[in-house]
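Here is the structure we will look at, set down as structure tokens.
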Amino acid sequence: MPKWLKATLISLGGLLGLVVIVLAVVCWLVFTPSKLTGIVNKVAKEVVTCDVNFERVSLSLFKTFPYAGLDVHNVALVNPVEGAPSDTVAHIDDLILAINAKQFVSHGDIVVKQLLLEGTRANIYVSDAGVANYDILPPDDDTTSESKPFKLPDYIDIEKVKISHLNACFNDYQHGLFAEVNDFGATVKGGWQDAKANLDAEIKSKELSFVTADSMQNEKMTVSLSSLKLNAGGKMKDTSSANGKLKLNVTDIVLHTCDTAGAEVLSTSFDKLNVTASASGWLNDMKGSLKVKLPKGEVSVGGVDYVTDALKAKQSDLVSIEAPFRLNLDEKKVSLTDAEVSLCEWALTLNGDVTMPAEERPTEMDLTFATNRWDVGELLKVLPAKFTKWKKGMDLDADLQLLDGKVIGQLGDSLMPKVDARVELRNGKFYYPKAVPYHINNIAGDVVADLDLSKGGVSNVKIEQFDADVDKNHISAKGRLTDLMGRQDLDADVKARLNISDLEPLLDSVPVDVQGNANIAVHVRALLKNLTDLDLTKIKADGSVVVDKLDVVYDTIHATSPRLVVDLKIPAARRTAKVGEVMSAKITSQVLNVEMPNQKIDASLSDVGIDVGLSNVLQKGTPLAVAFDVESAAIKASMDTINLNTNSLAIGGSIKYDSTKQNILKKLNPDLNIELRNARLKLPGSNEPLVMPVFRFDYRPEICQVKELDIHFGMSDYHLDGSVSGLEDWLSHEAMLKGTLNFNSNYTDLDQLLDLISGIGVEKDTLERQRQEDHVAKEANPFIVPKDVDFRLNTRINHTSAFGNELSSVAGGITIKDGTMICDQIGFVCKAAKMQLTAVYKSPRVNHLFLGFDFHLLDIQIAELIDMIPYIDTIVPMLASFDGNADFHLAAETYLNAYYKPKMSTLLGAAAITGKDLVVLDSKTFDQIAKLLMFKKSTVNKIDTLDVEITVFDRQAEVYPFVITMDKYRVCASGRHNLDNAYDYHIELLKSPLPTRLAVDINGVMPKLNFKLGKVKYADLYKPEKQNAVEQRTMALKNMIRQSLERNVKEETRNAKRFD
Amino acid sequence: MKRFKFLVVIGFAALLTVSCVKPKFTPDQELLYGTWVSGDTHYRFDRSYRLYELFDSSEVRVNGAYWNPADDVSEEEAQAILWSLDEADLTIVKQMYMGGKVPNTYTVTALTNTTMTLKDNYNTTKTYTKI
């Protein structure tokens, strides 16, 4: 630079500086603070109606350099209003203002070079009547001219506005609005030119508080704001058309709301909140993005911390939002494109439109959403404890692989948009023993939800696939849950592989122990509540269950099967009032084993087909009741020592289980129709099986109706029908088993039959004890009449063998009653006579058996009588001497020992024989008697009548005096003999051609009898008018004996025709 | 003379016979009540009657029992009797369960607190001891 230029410039600069200094000194001297303060105060009092005081106003050159400004110190506006907390409306400690006054005056432009407010205090008050203390401007007297609409200046340039330490309160009692700001600071910079605007603002406040609603009844909100930076820029074409950008950075906001009692309602603290919003475009199509980043923060609502410790511990930002959007302010519509909202690692991506509410139009949404992979377990951990109380004691976790869907519809007070969502859940696990006593793992589900949450809307869920491992079991399902928020109607196909024993916890009210593996494929339709309640009455289901290695113990019933196929149906295919079936099943199995150890019952059924209907056994208090039709190709069964095999079994009926009862029939209450074919029954003590070609019976409680029972036993055949009752009480030894059966047989081996039924109902221990006490050897095996039974058999037997005798056409009743067997008035005919037999056999002890007969033979040939009952010849020895027909009555009884040997001291017998026109056979004995009684040789050996009464007692048979009239002779005979054949008889001639009466005494032991003449003693026995007391008594006894015997003869027996 | 002597002797003997006939023995029935045993045979004569059920469920009155332990029969298993005493004539009717009756008549020839002697129609006597 040349020297002259340098010198020139220095000179000019010095001159300029001198001019500036001179101007400044001039201004300082002209506009002294005191003068300026006076001017300002004067002008101010003209402008405002209240007291206003500027303590000091000075011209500022350096503070506002290079512009001149005003530096105001201590400004006070005082406007007393009744009710206001203070007379001072505002007080400003320091105010520096520098504006371009020339530009404002010449062009109307607003150019604020600097506006600094320091230490401001303001009290804004509006009374109930609407009197405001800030109303300090004089009223406008010009009421005629119309007010001009506000017109934005063409140019606004705010270079620096800074407010520091502003404290203000705002009390609007008229509108119920109250606010307070403490230590508020703000920095604003902006401009407006050619419809373009820009704004940079920063706000800080120690505390902002708002009290909303009238009469201070509602909430109070306080905000502490450390920094809020706002950067906005844009261009406005007109009021409805603009574009611009907005950036907002907020750090450390603390917000509290509390109710009037001071209790905290909401408390938030956002640490380093960063909100950046930018938008560009016209108001009807603005493109922008919103970015929010909140690394840390706290939210407390009603004392509940929503940002939990677990959430704070997360490394990622607490909340982040990155939302590109398009905004149509005309339509109030926001369109999101891949907007992502995240709470730590849980992100939600949104796409679509949201139209904000306008007049008579609610919010409208058309959004799609999708989550990232959510760790449900982690999510539950970060939720406030208040919202996870339900999870106490529950182990719940899952991977929410995907949650996506659509939200379409209107959102308003009574409107909710429709939500279509799809959920993919993997690796879930659930354990909550209070509700479900199982560990559920590997839960995987694909669910599509169609949610309509509006009033009256129906939400549905489609389970496309659901899989879970329940302990060692696997369950899968597909289906649909209709009306999710209401009825929850499930329609699903469920498949499961179950270890059945794992079901036991669900069946705790049912005394059942089940083992086995089940493959289940069931279609279920029911309300979810009914399913969880296992209310079988309200569930529809059908499907199949294949059970392998089934092992069930229900109370005392034990059933096993290697494989069981169950076709299940709920509700039951048929329902009866008796059972109340709620489910039915068709069960097929190759082999089904049933045992009841307590009853010593063991049964094995093959090729089983069972149609079964089951009562609502899952309902507490409802007993197990089963209706069934059972068909089995074959059955092997045993009960105690009884074995049964049958080729075919058909059982129809029902059982109703009553666990309070002891014996099996009372427990089961069976109502059965049973048919067995070709059954073989093996009874203890018999090598010969009972073959039953057919056995049909109906069993109802208390009575068993035997419809048809054919039995082949050895050579015997039996056909029975009738009824048996009291089986239940009999089994529990409470009452006798009663029955009335018709017993028909072509041939019956009675001995074999008696062996078969011997001892039924008598405890083996009892018999054994009796044997020991009575010293009875084992080889003695007498028939023990069944005890505790009361059976009546109406017999009709064509041929029978009994005790060595062959009988034909036997008919009568046999009663077996509690240890007593009565062959009751059995009538039968043989060639010998019309017969009637009543026989009684009792077995009170093994060694004390009772045998009694009441035996009547009418019109019997004496020889056949003796042939039939040889023992009669011993009792009535002279009977063999007669020929012809007689009536024979015999009652005899004795106790027997275990070998059927009579106990002679107990032997009693009474017999009566009546004969007419008998022929006395030639015999040595008769000859001897005839010789002694001097019978003529020409005497016809025929007797008119014979009436003999005989008794047996004490080993002696006593023949009461009887009379024989033979030709011209009338003989009376009596006597007794021991059963060892020692005789003592007396025969007396009552009438004869002889002039004298003779008597013969016969003594001795057979065959050596002594015959000698004896004394006559029966002269008047048959002359009632001459009888003495002894003779009267003798005849009375004879009569008593005969009557006691004849009273038992049935009329039918008397009238029966002889069999020839 | 011989015939006369013979007639005198006969007549005297007849007189002696007539004059020596003992008055008939009338036992005291009170002494009869109780249980009597002869050998193993036991009789029990009861004061009162009881009903005894027959096989056909009809009932008859009885008032005693008999049994023989030698045949393994106890008193509880005894058979029923209906007895009556008419002066010295004791009638014992064994009541059969089957309905028949087996009577026996005896003459009581002696009866004390401890012993009783019965004679049957065949002049067989048997002495019982009271237990």
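Note: hydrogens, waters and symmetry copies are ignored here, and every other heavy atom, side chains too, is used. Residue numbers start from 1 in every chain, and the chains themselves are labelled A, B, ... in the order their sequence lines are given, proteins ahead of strands.
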**Prompt:** Any side-chain heavy atom of A:D954 within less than 4.5 Å of one from B:N104?
**Reply:** no
**Message:** For the NZ atom on A:K817, are there more than 12 heavy atoms of other groups (residues, nucleotides or ligands in this structure) within a distance under 6.0 Å?
**Reply:** no
**Message:** Distance check, rounded to the nearest 0.5 Å: A:I822 atom CD1 versus B:F55 atom CZ?
**Reply:** 7.5 Å
**Item:** Atom group of A:Q1043 that falls short of 4.5 Å from chain B, counting heavy atoms
**Value:** neither
**Message:** Quick one, A:F953 with B:Y66, criterion ring pair (Phe, Tyr, Trp, His ring centres under 6.0 Å). Give me CA distance, side-chain angles, the key distance, then yes/no.
**Reply:** CA-CA 12 Å; A:F953 169 67; B:Y66 80 100; 5.4 Å; yes
**Request:** Please report the closest heavy-atom contact between B:G99 and A:S1044, naming both atoms and the distance.
**Result:** O-CB, 3.7 Å
**Request:** Examine whether an atom of B:I92 lies under 4.5 Å from a heavy atom of chain A, and if so say whether it belongs to the side chain, the backbone or both; otherwise answer neither.
**Result:** neither
**Message:** Pair A:T906, B:V73 - check side-chain contact (heavy atoms from CB on, under 4.5 Å), show working.
**Reply:** CA-CA 9 Å; A:T906 67; B:V73 182; 3.7 Å; yes
**Asked** Okay, side chain of A:K903, backbone of B:D71: is any donor-acceptor separation there less than 3.5 Å?
**Response** yes
**Request:** Below 4.5 Å from any heavy atom of chain A, which atoms of B:D40 appear? Answer side chain, backbone, both or neither.
**Result:** neither
**Prompt:** Is any NZ, NE, NH1 or NH2 atom of the basic residue among B:D120 and A:R976 found under 4.0 Å from an Asp or Glu carboxylate oxygen of the other?
**Reply:** yes
**Request:** Could you tell me whether the side chain of B:K101 reaches within less than 4.5 Å of the side chain of A:L1037, counting heavy atoms only?
**Result:** no
**Request:** Flag the one option from A:S905, A:P844, A:G852 with the top tally of heavy-atom pairs under 4.5 Å to chain B.
**Result:** A:S905
**Item:** Interface moiety of B:T41 toward chain A, non-hydrogen atoms closer than 4.5 Å
**Value:** neither
**Request:** Answer yes when B:D86 and A:R1033 have at least one side-chain N-carboxylate O distance shorter than 4.0 Å, and no when they do not.
**Result:** no
**Asked** Once you round to the nearest 0.5 Å, how far does OG1 of B:T124 lie from CD of A:Q956?
**Response** 7.0 Å
**Request:** Flag the pair B:M98 / A:L1045 as yes when at least one side-chain heavy-atom distance between them is below 4.5 Å, and no otherwise.
**Result:** no
**Within-4.5 Å side-chain heavy-atom neighbours: A:V952 and B:V102** = no
**Within 6.0 angstrom of A:R955 CZ, more than 12 heavy atoms from elsewhere** = no
**Prompt:** Under 4.5 Å between any side-chain heavy atoms of B:Y122 and A:E958, yes or no?
**Reply:** yes
**Request:** With rounding to the nearest 0.5 Å, note down the distance linking CZ in A:R1047 to CG in B:D56.
**Result:** 5.5 Å
**Fill in**
Minimal heavy-atom distance between B:M96 and A:G909, with the atoms involved, is CE-CA, 4.2 Å
**Message:** Report which part of A:F853 has an atom under 4.5 Å of a heavy atom belonging to chain B: side chain, backbone, both, or neither.
**Reply:** backbone
**Message:** Can you confirm whether B:Y97 sits close enough to A:K842 that some side-chain heavy atom of one is under 4.5 Å from a side-chain heavy atom of the other?
**Reply:** yes
**Message:** Among B:P103, B:G100, B:A70, which residue has the highest count of heavy-atom pairs closer than 4.5 Å to chain A?
**Reply:** B:P103
**Asked** Is there a side-chain contact (heavy atoms from CB on, under 4.5 Å) between A:Y895 and B:Q79 once you walk through the steps?
**Response** CA-CA 10 Å; A:Y895 282 90; B:Q79 290 163 282; 4.2 Å; yes
